[in-house]
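In the text below, chain A, chain B and the rest are named by the order of the sequence lines, each starting its count at 1. Only heavy atoms go into these numbers, but all of them, side chains included; no hydrogens, no water, no symmetry mates.
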Protein chains: 2
Amino acid sequence: MKRDSRLSGVLHVLLHMAEMNGPVTSETMARAMQTNPVVIRRIMAGLREAGLVRSEKGHGGGWTIGRPLSEITLRDIYDALGRPDLFAIGNRTESPGCLVEQAVNAALDDSLAEAEALLIARFGTVTLAALSADFHARMVASGRSVDLETNHAPL
Amino acid sequence: MKRDSRLSGVLHVLLHMAEMNGPVTSETMARAMQTNPVVIRRIMAGLREAGLVRSEKGHGGGWTIGRPLSEITLRDIYDALGRPDLFAIGNRTESPGCLVEQAVNAALDDSLAEAEALLIARFGTVTLAALSADFHARMVASGRSVDLETNHAPL
DNA sequence: TTTCATGTAATTCGATATGTTACATGATGG
DNA sequence: CCATCATGTAACATATCGAATTACATGAAA
C-alpha cells in the first residue's frame, strides 16, 4: 500500500510559509518540495476551505497562513485534509454475511478505533507553533541559517 | 491506498479451521473466502514458520492449528505475517536534509509510534479463543448452525 | 504410479497516491 | 484595456503495491 503523505507534506509547506514574510506561491513551494504546483494547490484546497490558510490570485498573490501558529493543531489540518484513512490494515469484507468474519471485524475494528482515537487526540495537542519551535531548535543546533536555499533546491 | 487485509483474512481462516475436525485444504478455504488457494498458502506460510499452524501434503492433507486457541493472540499472528505496516499515512521523505521536514517527521513518528505501541499491546490481549467465543455467541444469537455452507458459497 | 495437496516463482490485474498537462478564472500593473 | 501572474480544476498519465492468477515443482498417500 502506498502511504498517504499529504499530512506530512502540508505540514512541511506550512512551516516554510511561517518563515516567509509575504505570500508564497504554489510554484515556489513546489520547487522547495520537489513536486508539482498542482499538487500543492490540491493539498492546500482543504485548508483554505477550513480557513487555515488564504490564497490570493494575481501579482503578489500566493498563500498565507490564516491564524496564529499556536491556534492550529495537527488535528485541524488532518480534518481539513478530509480525515484520510489512518490505517494500512483493514477488514477483508466490510459487511460480511459470515458470522466468523463479523466476529473478526468487530475485534479488529475495536482495536483500530481505540488506536485512532488516541492518535487523533494526540494530533489535537500538537500545534504548528510547537513544530516551528522544534524546527528553530534544530536550526540553532545545526548552526544553519533560515532560508530555503540551504535545505532545498535554490529558488 | 489499498488496505492490507491479510490479518483479517488469516483470522477468518483460522477460526474456520477451528470449527473443522480434520485438516482443511487451501482449496476449501479459498472457496469459502472467495479467493485463490495460492493466496491462502501465502498468508499461511508465515504462520507455519512461526509454528502456529501445520500443513500436510498429499491425500488427507491440508492445514491444522498447531496450538490451543487460547495460546494464540492477534499479536502472534501479526508478527507471523511479518509485522506489516499499520499506518496508511507516513512521511513524505524518510531522511530529509531539510530541518523543517525533520521536525515534521519527528512529530509524526512520535505520535504514530505511540499509537502503534497501543495497538500491538492490544493485539497481545486478544486470543483466538476469545474471537471464537464471540463467534459462537453470535451464532447462538442468530440461530444459525455451525457450517460453512450457511455463510459461504457451498463447498 | 496416479492422485491429491502444498510450495513458490513469475506474471497480471486493480486500486490509488502522486505527477503532469491543459485551460479557465480572476487580480494587478502598466 | 490587456498582458502577466497566480490560483482553480478537470482530465489524464505514471508508479506502486496488494491481490489474484498461472505454471510448475515437491512430496505424501492410496
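- Rounding to the nearest 0.5 Å gives a distance of 5.5 Å between CG of Leu69(A) and OG of Ser132(A).
- When the C1' atom of dT20(C) is taken as reference, atom CZ of Arg41(A) falls 12 Å away, rounded to whole Å.
- The separation between Arg3(B) atom CZ and dT16(D) atom C1' is 18 Å, rounded to whole Å.
- In this structure, Arg42(B) reaches the bases: a heavy-atom distance under 4.0 Å links it to at least one base atom across the strands shown.
- Every residue was checked against the side chain to side chain donor-acceptor pair (under 3.5 Å) condition with Asn105(A), not counting sequence neighbours, and none meets it.
- Rounded to whole angstrom, the span from the CD1 atom of Ile40(A) across to the C1' atom of dT9(D) amounts to 16 Å.
- The other residues sharing a hydrophobic cluster with Leu118(A) are Leu118(B), where clustering joins ILVMFWY side chains under 4.5 Å apart.
- Side chain of Arg48(B), nearest nucleotide from dT6(C), dG7(C), dG19(C): dG7(C).
- Rounded to an integer number of Å, the gap from Met29(A) CE to dT18(C) P is 17 Å.
- Checked against dT18(C), dA23(D), dG8(D), the side chain of Val38(B) finds its nearest nucleotide in dA23(D).
- Comparing dA23(D), dT6(C), dT20(C) by their closest approach to the side chain of Thr25(B) singles out dT6(C).
- As a whole-Å value, the separation of Glu49(B) CD from dT8(C) C1' is 12 Å.
- Of the candidates dT6(C), dT18(C), dA20(D), the closest approach to any side-chain atom of Thr35(B) belongs to dA20(D).
- Contacts between residues 52-60 of chain B and DNA chain C, defined by a heavy-atom separation under 4.0 Å, are made by Ser55(B), Glu56(B), Lys57(B), Gly58(B), His59(B).
- Comparing Ala45(A) and Gly61(A), the nucleotide of DNA chain D nearest to each residue sits closer to the 5' end for Gly61(A).
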